[in-house]
There are 2 protein chains.
Amino acid sequence: MQTMGNASTLFRPIKLRRAFDEISGEIKRLIFKGILKPGDRLPSESELASHFGVGRQTIREALRLLELSGFISMQKGGAGGPLVVDTILNTISNSFLDAFQMGRITIDELTSARLAIEKMVLESLFAHSPDEADIRALRENVSQARKKVDAGVQAYEENTQFHKLLARASGNHLFLILMESIMTVVAHFRSILGVNLELSVRTIAAHEQIIDAVTAGNRKKALAVLEAHLTEIGERFKELDGLLKREHEAG
Amino acid sequence: MQTMGNASTLFRPIKLRRAFDEISGEIKRLIFKGILKPGDRLPSESELASHFGVGRQTIREALRLLELSGFISMQKGGAGGPLVVDTILNTISNSFLDAFQMGRITIDELTSARLAIEKMVLESLFAHSPDEADIRALRENVSQARKKVDAGVQAYEENTQFHKLLARASGNHLFLILMESIMTVVAHFRSILGVNLELSVRTIAAHEQIIDAVTAGNRKKALAVLEAHLTEIGERFKELDGLLKREHEAG
DNA sequence: TCACATTTGTCCGTATGTATC
DNA sequence: AGATACATACGGACAAATGTG
C-alpha cells in the first residue's frame, strides 16, 4: 500500500472555511430560504454560541460579516440582539464608494456611465409608460426642491432623489440598484467639492423639463435635456476637482 | 444655573461609533491616502491591539470588516498577518449576488438590464474604437472556448469572460464593474440551472459574430447579434427556472 | 527532515455601558 | 428607580497553520 502523501493533498479541502464564515453562511442560508425574514430577531450572542457549539467571539465575527453585508443590525440593551434587516442596497452603494475612493473610477468614467445608464432608464420609461404614482412622486420631488432653492437653500437630497425616482419608475430593480450606487458616489463628490446655488437652479429646471417631456411622450426632448444636464454637471465636477487638486499641490 | 438634564440629550452623540468601526475606518483612510498599498503587510493583531490601545478581539472585528470590504486578506502562520489587497470588485459582485438571492432581482430584470448595459458597452466600443490588444484578447477567448466545446466540454469560464473582456475594451472601469457584477449573478444562475452543450455552441458562434461585426465597424449587426443572443439566453433561463420551481413544488 | 517562532483562529472568564421592563 | 438582558470590550490561554533555520 502506498503512503497517504498523495491522498492527503487530494482529499485536502477539509476545514476550508473558518468557523465564523460557516456560521454566517448558515444564517444567510436561512434568510435566503425565507425562514428568517427582516424584522425577525436572532437569539443573543450567548445563545447562538451555545447553539452552534462555539465561543462568543466566533459568533461576534460571524455577526460582523452579516452586519456589513446588510443582513442584520445589532441592537443594544435589554430586548436587543441581532435583528434581521435588508440593507443590501446600502452595502452595494458603500462598496461603489470604496471603489471610487480607491481611484478605480474617474470623474469622466462616472459621468459617461451615468449618462449611459440614465439614458437607458429613460428609454425603458418610454418603452413601458410609467405609473401615475411614479409621475406624481417626480413632480412632488421637483416642487419640493424648487421651494428650497427659492428660499436660497440647497436641495441636494431632492436632486439626488430625482434620479433614483426615475430609476424606480423604470420598474427594473437592477436599474434602481445601479442608480443608487452611482448617486451615492455623485453625492460624495458633491459633498467634497460643493456646488453653487445657481447650478442647483438649473438642475431643477432640467428636472422639470425631463418630467414634462416624459409625460408628453417626447422622447428626443427628454434625452436631449438629460444629456445636456448631466454633461454640464460632469464638466462642473471636473473643473472643481482640478481646482481642488491644484490647491492641494500648492498648499 | 440650570441642571444638565437637557444639555446631556443635546450633546449626546458621543461614542457614536464602535471601537472596531473607528479602527477599520482609520485603516481604510490610510489605504485611501496611499500610505498603505496593496502588497503591504499590516502589523500582527497583537501589535495593532497595543498600537491602538485596545484588545485583540476589537482588532479582529475591525479586520473582519476590512476583509469583507476587500481591503485586506488574512495570512496565517509565521510570516503571515493582514495583507493589503484590492478585491473591492469581488466584494461588489458578491453583494449583487446577495441581492439576487434575496429575490430583489428577477430573471427578467437581469436579462433586460444585461441587454441594456451590453448594448451600452458596444456603443461605447463603436464611439472610440478599441485597442488591438483588446480585440486580440477577445479572439483568443473565443478560440479557447471553441476548442473546449469541440472536445465536448462546457466553456463556462470563457463565455463569461467574453463579456467582461467586452466591458474592459470599452475603457470605462465602471462598465467593467457593472459587467463583473452581472456576470457573477449570471454564472450563479447557470451553475444552478445548468445549460446544455448545444447552447454553448450557439453562444460561441454569437461571440464570434460580435467580434467580426465590431472589427468590421458594423454597428447594427453587432447590436442585433447581441440582442438575439442575450434574449435567447434569457428565455432559456426562464424556462429552466420554471421547470426547477415546478419540480420543487411537486417533490 | 525536524524543531522553532510567529501569527491567526478559537475558547473562556470578566467587566462595563446601555436599553428595556 | 431598580433589575434584567444584551452588546461591547478586555485579558489570558491554547490549538492549528505556516514559514524559517
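Sequence lines set the chain letters: A, B, ... in the order given, protein chains first and strands last, and positions in each chain run from 1. Treat the numbers as computed from the prediction; the structure is a model and nothing was measured.
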Atom pairs under 3.5 Å: protein N/O with N/O of nucleotides 13-16 of chain C:
| unit_1 | atom_1 | unit_2 | atom_2 | d |
| --- | --- | --- | --- | --- |
| dG13(C) | N7 | Arg56(A) | NH2 | 3.3 |
| dT14(C) | O4 | Arg56(A) | NH2 | 2.8 |

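Residues Val142(B) and Phe162(B) meet the side-chain proximity criterion, which asks for heavy atoms closer than 4.5 Å. By the 4.5 Å heavy-atom criterion applied to side chains, Thr91(B) and Leu68(B) are not counted as neighbours.
One atom, CD of Glu45(A), and another, C1' of dT10(C), lie 15 Å apart when rounded to the nearest Å. In this entry the distance linking CD1 of Ile59(B) with P of dT8(D) reads 16 Å, nearest Å. When rounded to the nearest whole Å, the span between CZ of Arg17(A) and C1' of dT8(C) equals 18 Å. The nearest whole Å value for the distance from the CD atom in Glu47(B) to the P atom in dT7(C) is 6 Å. Nucleotide dA7(D) holds its P atom 15 Å from the CD atom of Glu61(A), rounded to whole Å. Counting to the nearest Å, the P atom of dT7(C) and the CG atom of Leu63(B) are 14 Å from each other. Whole-Å rounding puts the Ile23(B) CD1 to dA9(D) C1' distance at 11 Å. At whole-Å resolution of the value, CZ in Phe52(B) and P in dA9(D) are 14 Å apart.
The listed nucleotides are dA7(D), dG9(C), dT7(C); the one nearest the side chain of Arg60(B) is dG9(C). When distances are taken from the side chain of Lys76(A) to each of dT18(C), dT20(C), dA9(D), the shortest belongs to dT18(C).
Surrounding CZ of Arg190(B) are more than 12 heavy atoms belonging to other residues, nucleotides or ligands, all under 6.0 Å away. In Arg114(B), the CZ atom is crowded: over 12 heavy atoms of neighbouring residues, nucleotides or ligands sit closer than 6.0 Å. More than 12 heavy atoms of other residues, nucleotides or ligands lie within 6.0 Å of CD in Glu26(B), so this atom counts as buried by the packing criterion.
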Open item on the list: Please evaluate residues Phe32(A) and Phe71(A) with respect to the criterion ring-ring contact (aromatic ring centres under 6.0 Å, His included), reporting the C-alpha separation (whole Å), side-chain torsions for both, the decisive distance (0.1 Å), and the verdict.
Closed with: CA-CA 10 Å; Phe32(A) 288 153; Phe71(A) 289 102; 5.8 Å; yes
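For the pair Val54(A) and Gly78(A), nearest-nucleotide mapping onto DNA chain C gives the more 5' position to Val54(A).
Among the heavy atoms of the strands lying under 4.0 Å from Gln75(B) are primed sugar atoms or P, OP1, OP2 only; no base atom is included. Across all strands, Arg41(B) comes closer than 4.0 Å to no nucleic acid atom at all (heavy-atom distances). At a threshold of 4.0 angstrom between heavy atoms, the contacts of Gly77(B) include nucleobase atoms, whether or not backbone atoms are also involved.
Qualifying side-chain contact (heavy atoms from CB on, under 4.5 Å) partners for Ser112(B), counting only residues two or more places apart in sequence or in other chains: Asn172(A).
Considering only side-chain N and O atoms, Thr58(B) lies nowhere under 4.0 angstrom from the phosphate OP1 or OP2 of dT8(D).
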